[in-house]
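Numbered from 1 within each chain, the chains take letters A, B, ... in sequence-line order.
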There are 2 protein chains.
Amino acid sequence: MTATEEGSALSEPTSEEACDRLAGAIERGALATLFGECTVAYDGRAASELGPGKRHVMCKPDGTVLVHTDEGQKPINWQPPGSDQSVRIEDGRLVLHSQRSNPDEELVVRFTNIDQLAVFETGETSTSLSVTGTEAEMKQRILEEPELIEPGFRPLATERTTPAGAVDIFGEDGKGRVVILELKRRRVGPDAVGQLNRYVEALERDLHAGVEIRGVLVAPSITDRVRRLLATNGLEFVALAP
Amino acid sequence: MTATEEGSALSEPTSEEACDRLAGAIERGALATLFGECTVAYDGRAASELGPGKRHVMCKPDGTVLVHTDEGQKPINWQPPGSDQSVRIEDGRLVLHSQRSNPDEELVVRFTNIDQLAVFETGETSTSLSVTGTEAEMKQRILEEPELIEPGFRPLATERTTPAGAVDIFGEDGKGRVVILELKRRRVGPDAVGQLNRYVEALERDLHAGVEIRGVLVAPSITDRVRRLLATNGLEFVALAP
DNA sequence: GCCTAGGTCCCGTCG
DNA sequence: CGACGGGGCCTAGGC
């Protein structure tokens, strides 16, 4: 039985047909997808084995490989952009091999059956995504309306560096005390307290002379544990949604 | 011009053909993919607009929707598992609408041209993924060979809870001092120090009576800044790869 | 359902 | 390049 071609899709191709087509697509910088029964092996930062099953495999022109099952938002296996793909026939079966370095990682997809191979031309990669509702927008709003934090607050710098890292917003309050703001666009967990605390302690050490530094977490809301953690560390919270 | 059908793929279908097929596939719990020129609008936790361009859209039976461009490992837009999809024709064009609640989010994909619509049967979702090289394995190794940390170290509990959260491994050293281990499977940044520090301080407060508690970060390697942060906080580092 | 932390996180940005 | 922190993070595990 020979494969039928329609547009740029092959239905039930032989391993050889699929191999040629896939290799050509990768070479040309096209986007290729396969659907069929396969096993997947990964070795790199971790290692994994995936037994036989029907999966959807996507090879992007930028070197990305994604293996999706019928569920989950994340691919069950993948290879990052910049990986090198090669295809070959082993024991009459199509094998897709992907490799990259730094870190060294490889992904091997072995097909026992190919339901479909499709090749797509993506053309120019022009239009861009515009997003709103980010932490950067929160920052902008606070810089324009510092009283959102409290009356008398004056921002002096953003991304000010400390030995522990960069502070989102650095400023002073109405009494001239140093104030550090850590911004979070969503309800925060304990990690943000650790972050804020690191900055405050680093700045206290850096400015020495027992300067009192106020650390303020700015977020839509916080969990109970975070409230307690803030209290025991002498830190504050200001509710502000992006 | 009418669509040509091959296997379960339609090449250059009309909007109506695509609409029927896609709706049927979603209804049946099949996996469907579309490739074509489209715009994408998202509104929910954030908001975004994506202008016209060729993209690959995948609808999974679990309610996931993924919109991929020709580059990047992550979809440029998506909807998480559990979302509800509906398709309709608007001004003669196919529109895929996806909605979910908690949080309320919607994704709208408007096609101006459909190169291909494919429907795949995934069948039983049996075989599972086995992974090695995880943090859990690190933990197991340390429990079996505590001397990997240091001679005399004795693990007493895993996931022991503190007011600041659960500690990876809780134990004591040869001199009977409490030791807290924070495990990381890869080279760590400053966040891990904040985490370990939170646990140590919380336990010191909890056990009170000025007990000295050793906090040890266990990871393959650390950055310079982390080394300094550990030092200033009186914490330690043990090199161990997963 | 919320909270917490891991992840082959990915990703952009800046040194 | 590495390092650092955000993300519509996603996902698994507790409670």
Side-chain angles (χ1 to χ4, degrees), chain A residues 42-48 64-67 71-81 83 100-107 129 131-136 138-139 159 161 164-168 182-192 194-195 198-199 221-226 229 242, chain B residues 42-48 64 66 71-83 100 102-107 129 131-136 138-139 159 161-162 164-168 182-195 198-199 221-226 229 242:
Chain A
Y42 157 74
D43 193 17
R45 286 167 287 181
S48 72
T64 303
V65 179
L66 304 173
V67 181
E71 51 185 19
Q73 177 169 340
K74 287 180 56 180
I76 191 163
N77 278 115
W78 69 91
Q79 200 73 315
S83 305
R100 77 147 172 168
S101 357
N102 201 354
D104 282 337
E105 291 188 299
E106 71 169 359
L107 182 74
L129 182 74
V131 198
T132 64
T134 63
E135 183 183 299
M138 272 184 84
K139 186 188 296 182
E159 304 302 328
T161 58
V167 172
D168 284 341
E182 175 62 31
L183 312 185
K184 295 296 172 191
R185 64 176 303 282
R186 55 173 183 159
R187 186 172 174 87
V188 296
D191 53 338
Q195 208 176 336
R198 278 193 291 119
Y199 297 153
S221 62
I222 56 180
T223 65
D224 279 355
R225 178 174 283 174
V226 167
L229 281 171
Chain B
Y42 157 75
D43 193 19
R45 285 168 287 182
S48 72
T64 303
L66 304 173
E71 51 186 19
Q73 179 169 338
K74 286 180 55 180
I76 192 163
N77 277 115
W78 69 91
Q79 201 73 314
S83 306
R100 77 145 170 169
N102 201 352
D104 282 337
E105 291 189 299
E106 71 169 358
L107 182 74
L129 181 75
V131 197
T132 65
T134 63
E135 183 183 301
M138 273 182 84
K139 186 188 296 183
E159 305 302 330
T161 57
T162 76
V167 171
D168 283 341
E182 175 61 33
L183 313 184
K184 294 297 173 191
R185 65 174 305 283
R186 57 173 182 160
R187 184 172 175 88
V188 296
D191 53 336
V193 183
Q195 205 177 339
R198 277 192 290 121
Y199 297 155
S221 62
I222 55 179
T223 65
D224 280 355
R225 178 174 283 173
V226 166
L229 281 171

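For the pair B/Q73 CD and C/dC10 C1', the interatomic distance rounds to 6 Å; values are reported in whole Å. One interatomic measurement links the two molecules: CZ of A/R187 to P of D/dG7, which rounds to 18 Å at whole-angstrom precision. What separates CZ of A/R45 from C1' of C/dT8 is a distance of 4 Å, to the nearest Å. D/dG8 atom P lies 10 Å from atom CG of B/N77, rounded to whole Å. Atom CG in A/L66 sits roughly 14 Å away from atom C1' in C/dC9 (whole-Å rounding). Atom CD1 in B/I76 sits roughly 18 Å away from atom P in C/dC10 (whole-Å rounding). At whole-Å resolution of the value, CH2 in B/W78 and C1' in C/dC10 are 10 Å apart. When rounded to the nearest whole Å, the span between CD of A/E159 and P of C/dG12 equals 17 Å.
Of the nucleotides present, C/dG12 is the one that pairs with D/dC4 by Watson-Crick or G-U wobble criteria, both distances under 3.5 Å.
Counting only heavy atoms from C-beta outward, the side chains of A/D191 and B/D191 never approach each other to under 4.5 Å. Counting only heavy atoms from C-beta outward, the side chains of B/L129 and A/N77 approach each other to under 4.5 Å. Looking at heavy atoms from C-beta onward, B/T64 lies out of side-chain contact with A/E71 at the 4.5 angstrom threshold.
The residue among A/N102 and A/A136 whose nearest nucleotide of DNA chain D is located toward the 5' end is A/N102.
Contact annotation for A/G72: backbone-only contact, meaning every heavy-atom pair under 4.0 Å involves sugar-phosphate atoms and none involves a base.
Annotation: D/dT11 and C/dC11 have their P atoms spaced 15 Å apart (nearest Å).
Of the possible donor and acceptor atoms, none in the side chain of A/S101 sits under 3.5 Å from a partner among the backbone N and O of A/D104.
Within the model, atoms CD of B/E182 and CD of B/E135 stand 6.5 Å from one another, a figure rounded to the nearest 0.5 Å. Atom CG of B/D43 sits about 7.5 Å away from atom OG1 of A/T132, to the nearest 0.5 Å. Once rounded to the nearest 0.5 Å, the distance linking NZ of A/K184 with CG of A/D168 reads 6.5 Å.
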Which pairs, protein N/O on one side and nucleotides 4-6 of chain C N/O on the other, fall under 3.5 Å?
unit_1	atom_1	unit_2	atom_2	d
C/dT4	OP1	A/R225	NE	3.3
C/dT4	OP2	A/T223	OG1	2.9
C/dA5	OP1	B/Y199	OH	2.6
C/dG6	OP1	B/E182	OE2	2.9
C/dG6	OP1	B/K184	NZ	2.8
C/dG6	OP1	B/Q195	NE2	3.3
C/dG6	OP2	B/K184	NZ	3.0

